[in-house]
Amino acid sequence: MNDAPHVPVLLAEVIDALAIAPGEAHVDATFGAGGYTQAMLAKGARVFAFDRDPDAIAAGSAIVAASDGALTLVPATFSAMDAELAARGAVPVQGVTMDIGVSSMQLDQAERGFSFQSDGPLDMRMSQEGLSAAEFVNEADEAQIAYVIKEYGEEPRARRVAQAIVYNRPITRTGELARIVRKALGYKPHDKKDPATRTFQAIRIHINRELGELADGLAAAERVLAPGGRLAVVTFHSLEDRMVKRFLRERSGSLPAGSRHLPEVAAKHAPSFELVGRGIRAGEDEIARNPRARSATLRTATRTSAAAWPEHSVTEGAM
């Protein structure tokens with residue numbers, strides 16, 4: 001594991017949006033290396049931190065020990081936060097924070113297979129169980145691979161990439177897959193973005209059901225937040241950000257009538273969120289310190305006293 005510190009993106013802005021009062025209960029839905037959690041603890045919050053990665057849970061034991069009982073680590077997906085919190089008698093909470101996508105810890109470990117920066121086994125499983133990326137690229141048919149790369153990677157030449165993947169199977173290493181994609185799309189060393197980036201993103205999102213988890217997690221946060229509770233969500237690419245933005249527009253009642261996504265739902269339910277903030281981006285100073293912040297967007301909102309919307313009204317985007 002990389003020994004460099006993992007700096008949470010937009011940390012000051014997230015903590016400011018949460019407006020934590022000592023003794024409040026808050027959820028860190030994506031514990032990772034514990035950066036947001038430690039900042040919440042420093043403000044006097046009781047924190048329930050979720051992570052489906054067993055490595056993250058194990059690494060967090062030292063933070064738990066130092067928290068004097070203020071931190072509870074929950075080895076579960078954040079989409080299950082309502083059931084997990086209810087089982088612990090911890091509903092409602094005053095804040096939920098979500099940092100969506102792969103963590104720096106996962107990217108930095110070549111053996112986890114998330115990144116093509118270092119060669120490793122083609123894995124990408126956040127929970128370290130279930131279908132691996134290698135199994136997907138070696139067993140799925142060409143049409144399914146092309147669909148995943150186009151929908152979740154927004155790759156305009158997805159069919160060409162899928163054809164190259166199928167032709168070169170079996171593929172077991174991240175370096176192999178990156179070379180195949182680069183050859184299929186053409187790669188010049190001076191290109192600003194490696195052409196393999198979209199394909200790796202797409203396969204990772206598919207393997208981990210990330211967009212479905214996000215949709216379910218937003219709905220779960222709506223159910224556990226107390227009136228006046230604060231929601232803060234940090235996303236790193238357009239698919240996630242569009243989903244969060246649409247969810248908050250729907251739930252705040254600001255989605256225009258006749259939306260093709262929800263033709264009538266907005267008129268049927270009282271707004272469950274208010275004070276929806278505009279997207280916040282990192283400043284140049286933070287980007288210089290932490291290049292990962294360049295693509296980050298923070299969206300915030302405050303829970304009203306209205307009932308949570310029915311589950312069937314959650315929109316997952318392109319799943």
Side-chain angles (χ1 to χ4, degrees), residues 8 14-15 17-18 20 23-41 43 45-57 60 63-64 67 69-103 126-127 129-130 208-235 240 243-244 247-248 250-251 272-273 298-317 319:
V14 167
I15 296 301
L18 293 175
I20 297 170
E24 285 187 339
H26 281 253
V27 170
D28 182 351
T30 46
F31 177 69
Y36 293 112
T37 285
Q38 292 181 85
M40 294 174 192
L41 292 170
K43 290 290 186 179
R46 293 184 296 115
V47 181
F48 296 86
F50 287 72
D51 208 299
R52 57 172 148 173
D53 188 337
D55 285 357
I57 295 296
I63 303 176
V64 173
S67 74
L71 171 60
T72 300
L73 289 182
V74 184
T77 57
F78 58 69
S79 61
M81 75 174 78
D82 49 345
E84 294 288 346
L85 292 174
R88 292 165 172 79
V91 177
V93 297
Q94 283 70 51
V96 174
T97 300
M98 307 168 76
D99 176 3
I100 306 304
V102 66
S103 74
M126 292 180 178
S127 64
E129 60 183 16
N208 295 290
R209 193 183 167 267
E210 290 181 36
L211 296 186
E213 275 294 310
L214 176 55
D216 294 344
L218 290 169
E222 177 189 35
R223 292 192 292 270
V224 303
L225 279 167
R230 285 78 68 192
L231 174 67
V233 186
V234 178
T235 59
E240 299 165 343
M243 183 178 293
V244 175
F247 174 87
L248 292 177
E250 292 166 359
R251 296 308 207 261
S272 56
F273 283 95
L298 167 65
R299 295 193 183 274
T300 63
T302 300
R303 186 73 167 85
T304 70
S305 59
W309 288 24
E311 262 189 275
H312 70 265
S313 62
V314 178
T315 54
E316 295 189 8
M319 289 301 297

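Computation of the quantities below employed the complete heavy-atom set of this structure, encompassing side-chain atoms and omitting hydrogens, waters and symmetry-equivalent molecules. Just so you know, these numbers come straight off a predicted model, no measurement behind them. Counting begins at 1 with the first residue of the sequence.
Under the side chain to side chain contact (heavy atoms under 4.5 Å, CB included) criterion, Ala87 pairs with no residue, sequence neighbours left out.
When all heavy atoms of Ala25 and Val93 are compared, the closest pair comes out as O-CB, 3.4 Å. Annotation for Ala45 and Ala70: closest pair O-CB, 4.0 Å, computed over non-hydrogen atoms. The shortest non-hydrogen separation linking Arg46 to Gly23 is NE-O, 3.6 Å. The shortest non-hydrogen separation linking Met243 to Ala215 is SD-N, 3.8 Å. For the residue pair Met98 and Ala29, the shortest heavy atom distance occurs at CG-CB, 3.7 Å. Closest approach of Asp99 and Thr30 over heavy atoms only: N-OG1, 2.8 Å.
Looking at Val233, Asp28, Leu298 one by one, the single match for side chain to side chain contact (heavy atoms under 4.5 Å, CB included) with Val14 turns out to be Leu298.
Side-chain contact between Leu214 and Arg209 is absent, with no heavy atoms from C-beta onward closer than 4.5 Å. At least one side-chain heavy atom of Phe247 sits under 4.5 Å from a side-chain heavy atom of Phe273. The side-chain heavy atoms of Arg52 and Glu213, taken from C-beta on, include a pair separated by under 4.5 Å. Put simply, the side chain of Leu41 reaches to within 4.5 Å of the side chain of Ile63, judged on heavy atoms. Looking at heavy atoms from C-beta onward, Pro92 lies out of side-chain contact with Val224 at the 4.5 angstrom threshold.
Taken to the nearest 0.5 Å, the OG atom of Ser272 stands 9.0 Å off from the CG atom of Leu248.
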Working note: Gln94 + Ile20, criterion side chain to side chain contact (heavy atoms under 4.5 Å, CB included); need CA distance, chi angles, decisive distance, verdict. CA-CA 8 Å; Gln94 283 70 51; Ile20 297 170; over 6 Å; no
Evaluate salt bridge (Lys or Arg N to Asp or Glu O under 4.0 Å) for Glu24 paired with Arg230, printing each intermediate quantity in order. CA-CA 11 Å; Glu24 285 187 339; Arg230 285 78 68 192; 2.8 Å; yes
Mind running side chain to side chain contact (heavy atoms under 4.5 Å, CB included) on Thr302 and Leu231 for me, showing each step along the way? CA-CA 6 Å; Thr302 300; Leu231 174 67; over 6 Å; no
Between Tyr36 and Val234, does the side chain to side chain contact (heavy atoms under 4.5 Å, CB included) criterion hold? Intermediate values first, please. CA-CA 11 Å; Tyr36 293 112; Val234 178; 4.0 Å; yes
Starting from the C-alpha separation in whole Å, work towards a yes-or-no answer on side chain to side chain contact (heavy atoms under 4.5 Å, CB included) for Thr77 and Phe50. CA-CA 7 Å; Thr77 57; Phe50 287 72; over 6 Å; no
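Judged by distance alone, the side chain of Thr37 and the main-chain N or O of Gly34 form no donor-acceptor pair under 3.5 Å. No donor-acceptor pair closer than 3.5 Å links the side chain of Asn208 to the backbone N or O of Glu210. A donor-acceptor contact shorter than 3.5 Å is absent between the side chain of Asp82 and the backbone of Ala220.
Under a 4.0 Å N-O distance rule, the pair Arg251/Glu222 qualifies as a salt bridge.
The salt bridge (charged side-chain N to carboxylate O under 4.0 Å, His left out) analysis of residues 85-97, with sequence neighbours excluded, yields the pairs Glu84-Arg88.
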